[in-house]
Amino acid sequence: MSRGDRKLKLMVVDDEPDNLDLLYRTFRRDFKVYKADSAFTAMDVLEAEGEMALIISDQRMPEMNGTEFLGKTLERFPDTVRILLTGYTDVEDLVEAINSGKVFKYITKPWNPEELKVVVKQASETYKVVKQRTNALTLALRRESILNEVMSAIRESLDYSSMLSTIVQTVGRTFAATEGRLWPAEGDHLMSESFSYQQSENSQNDFPIAQELLLQVLQNRQTYFKEGSDQNSCKLIVPLIYQQDLLAVLALNQENSSNFWSAEDVNLIESVLEQGALALSQAQLYQKTRELAEQMRNELEVARQIQSNLLRQSWPDFETVKIQGCCYPAREVGGDFFEVYTHSQGEIWLALGDVSGKGVPAALFMASAISVMRRELSQENPPDPYEVMQNLNTSLSDDLISNNCFITMVLARYTPETGLLAYANAGHIYPLVWSKTALLAAGNKASEEVKPNFLKERGIPLGILPIWKGKAGTIDLDSGDVFLLTSDGITEARVVQESNDGGQPVRVMLQQEGLWKLLQEHKNQLDLNSLLAYIRADNQVQEDDQTILSLEVL
């Protein structure tokens, strides 16, 4: 760049040729001076040459005075510093010049050349400061606008691959690249798949940036920039790095441009890509999370199917009893379980348990409990329920205690020949026994005359102590009697209940008393699926596993 190109532009406007020549000679060494002998000529010069750093204008000129002329230049060239030459000191004209033309100084004729030089020097320094601040503000606004535009486009991308394509397309288009290409990176290697941008369909097929340059940027993780030269080509390669992780490399090429990228443009592109790397990292993390979630869902579906198979949903038809059972986990898998086991000697074993907690850990302990229990019950002469419970505790207690878990359950053995029901309760909800025959006979007075029998003999949950302790119980069941087991997911469910004071209905915990009222309402035909569907209808969000099991003597 030559010295002349660095000179500020100064325009002098005066209808007197001698004044014009004098001003020109005074400032031609330090400024690039333009002369105009009228305001209209000056307007033509501004139209052709653009913004002037300084304008020195005479006030008294034919057709348009200096104040009017400077005022007309204000809107288009607000940064220009204006100096007014006046041969008189009329206060009103000076005020108008200062207000409408934003005049920096006014100089009276005839002027002192040295004083004028001092004023012009001050004016030029003022222009430089104003221009520097204006440029800085313009650059900041442009930077902010471009960042917002590009990041808005990038963050609208729905997934990782879409975001990669959006980055190269948006950056290439915004910064007027001829073509661009973005390679995702994994470790210190570029992936074979790439995403491209082309300014026009006529762009060349071979990407004009050498592989060696890409590898250089990949290794040193520094931006490569080759400014536009005689070959009319500008090349830029930027690594996208977030928290020291190289995520991608973007290469841009600019051909035959009238406005090649400057150092400021490169800094702006780097700033955009810093934010792009952050967004890309988040998209990558989201994609991995989504893939892991999908994998987990698939695995939980398999686990749910396995657990469903463990919970036998069918059993033989019995001549003397009717058995019903159903289980609804709160999640894909749960800790509730029930078992109906028919021994070869004709005894019917019923069990219902609840592992503390929910989800996969509870389901694993549930599967272990069912496995150990089936092994105990499959013996030729299985022990009493009390001993089976002790054996279950011995087998499971170490794992339960070490994982801060426990199991509550009821195990019962019914002998059809004698009608005897023997049971053991490990800290579970009390089983219910009632006479369905008596309930039907009582009719509307059932709630007053028929009371359920809560079997209250029980011990501590499994997994609390190394040796299980509790009390065993027995009861004789007659025709029409019902033996019912539930988990706390049912008794702790909330249902809608009419308010005692006639106000709005309230939601209350069902508890065993509320369950008994529902059983009375379903006295004509005990259907556990319908009963559970009624309870679940009032609970849009299931907070716990819900399991129920019954044995009805026919």
Side-chain angles (χ1 to χ4, degrees), residues 136 139-197 207-227 233-254 260-296:
L139 180 62
L141 292 175
R142 176 174 178 262
R143 185 188 191 95
E144 187 72 19
S145 175
I146 291 176
L147 275 172
N148 289 337
E149 178 185 353
V150 174
M151 292 313 302
S152 176
I154 290 174
R155 291 189 179 278
E156 286 178 359
S157 303
L158 299 179
D159 55 31
Y160 178 68
S161 295
S162 175
M163 185 171 289
L164 288 168
S165 177
T166 302
I167 288 175
V168 64
Q169 292 286 335
T170 306
V171 174
R173 182 177 62 255
T174 304
F175 293 96
T178 306
E179 52 213 324
R181 186 167 296 180
L182 185 144
W183 289 266
E186 186 172 326
D188 293 328
H189 301 281
L190 295 180
M191 308 293 287
S192 58
E193 180 186 19
S194 64
F195 300 83
S196 301
Y197 163 78
F207 193 65
I209 295 182
Q211 187 73 16
E212 292 76 11
L213 293 177
L214 294 174
L215 294 177
Q216 175 185 323
V217 172
L218 189 66
Q219 292 173 2
N220 61 31
R221 299 191 175 193
Q222 298 294 322
T223 297
Y224 171 85
F225 177 49
K226 182 180 180 181
E227 297 186 67
S233 175
C234 187
K235 303 185 188 306
L236 176 65
I237 308 174
V238 183
L240 278 72
I241 300 173
Y242 178 70
Q243 292 186 345
Q244 298 183 348
D245 292 332
L246 180 64
L247 305 179
V249 172
L250 175 65
L252 298 173
N253 183 52
Q254 203 176 33
F260 283 117
W261 296 315
S262 64
E264 292 178 351
D265 291 326
V266 173
N267 290 334
L268 182 54
I269 293 173
E270 288 180 321
S271 297
V272 168
L273 293 180
E274 283 180 8
Q275 297 298 315
L278 171 60
L280 198 59
S281 175
Q282 293 173 340
Q284 196 175 47
L285 179 60
Y286 173 72
Q287 178 171 298
K288 290 180 180 178
T289 303
R290 188 170 59 181
E291 291 172 353
L292 288 174
E294 182 64 27
Q295 179 182 350
M296 184 176 292

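- Each salt bridge (Lys or Arg N to Asp or Glu O under 4.0 Å) pair with one or both residues in residues 207-225, not counting sequence neighbours, appears once here: Asp188-Arg221.
- Atom CG of Leu285 and atom CG of Leu280 lie 11.5 Å apart (nearest 0.5 Å).
- Smallest separation of non-hydrogen atoms from Gln254 and Trp261: OE1-N, 3.1 Å.
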Given Phe225 and Val238, is the side-chain contact (heavy atoms from CB on, under 4.5 Å) satisfied, shown in steps? CA-CA 9 Å; Phe225 177 49; Val238 183; over 6 Å; no
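- A distance-only check finds a donor-acceptor pair linking the side chain of Lys235 to the backbone of Pro208 [under 3.5 Å].
- Of all heavy-atom pairs spanning Pro239 and Leu246, the tightest one is CB-CD1, 3.7 Å.
- Heavy atoms from other residues, nucleotides or ligands lying under 6.0 Å from CD of Gln216 number more than 12.
- Shortest non-hydrogen contact noted between Leu164 and Phe195 is CD1-CE1, 3.5 Å.
- For the atom pair OG (Ser194) and CZ (Phe207), the distance works out to 9.0 Å, reported to the nearest 0.5 Å.
- Screening residues 163-176 for side-chain hydrogen bond (donor to acceptor under 3.5 Å, both in side chains), with sequence neighbours left out, gives Ser157-Thr166.
- The distance from the CG atom of Asp245 to the CD atom of Glu186 is 11.5 Å, given to the nearest 0.5 Å.
- The minimum heavy-atom distance linking Ala251 with Trp183 is given by the pair CB-CZ3, 3.9 Å.
- Remark: Ala279 engages Met151, Ile154, Arg155, Met163 in a side chain to side chain contact (heavy atoms under 4.5 Å, CB included) (not counting sequence neighbours).
- Evaluation of the side chain to side chain donor-acceptor pair (under 3.5 Å) rule for Ser271 yields Arg143 as partners, not counting sequence neighbours.
- Scanning for side chain to side chain donor-acceptor pair (under 3.5 Å) contacts around Glu264 gives an empty result, with sequence neighbours left out.
- Counting only distance, with no hydrogens or angles, the side chain of Ser281 and the backbone of Ala277 share no donor-acceptor pair below 3.5 Å.
- Listed here is the closest heavy atom pair of Gly172 and Leu252: CA-CD2, 4.3 Å.
- Atom CG of residue Leu250 and atom CG of residue Leu273 lie 5.5 Å apart, to the nearest 0.5 angstrom.
- Here the CG-CG distance, from Leu182 to Leu240, works out to 6.0 Å after rounding to the nearest 0.5 Å.
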Is there a side-chain contact (heavy atoms from CB on, under 4.5 Å) between Phe175 and Leu236 once you walk through the steps? CA-CA 11 Å; Phe175 293 96; Leu236 176 65; over 6 Å; no
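- Annotation: salt bridge (Lys or Arg N to Asp or Glu O under 4.0 Å) contacts involving residues 265-287, sequence neighbours excluded, comprise Arg142-Asp265.
- Tested against Ile237, the residues Ile209, Thr223, Asn253 include a single side chain to side chain contact (heavy atoms under 4.5 Å, CB included) partner, Ile209.
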Test side-chain contact (heavy atoms from CB on, under 4.5 Å) applied to Leu213 and Val217, step by step: CA-CA 6 Å; Leu213 293 177; Val217 172; 5.7 Å; no
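- Residues passing the side chain to side chain contact (heavy atoms under 4.5 Å, CB included) test with Gln211 are Leu214, Leu215, sequence neighbours excluded.
- Here the shortest heavy-atom pairing between Glu193 and Pro184 reads O-CD, 3.2 Å.
- For the atom pair NZ (Lys288) and OH (Tyr160), the distance works out to 8.5 Å, reported to the nearest 0.5 Å.
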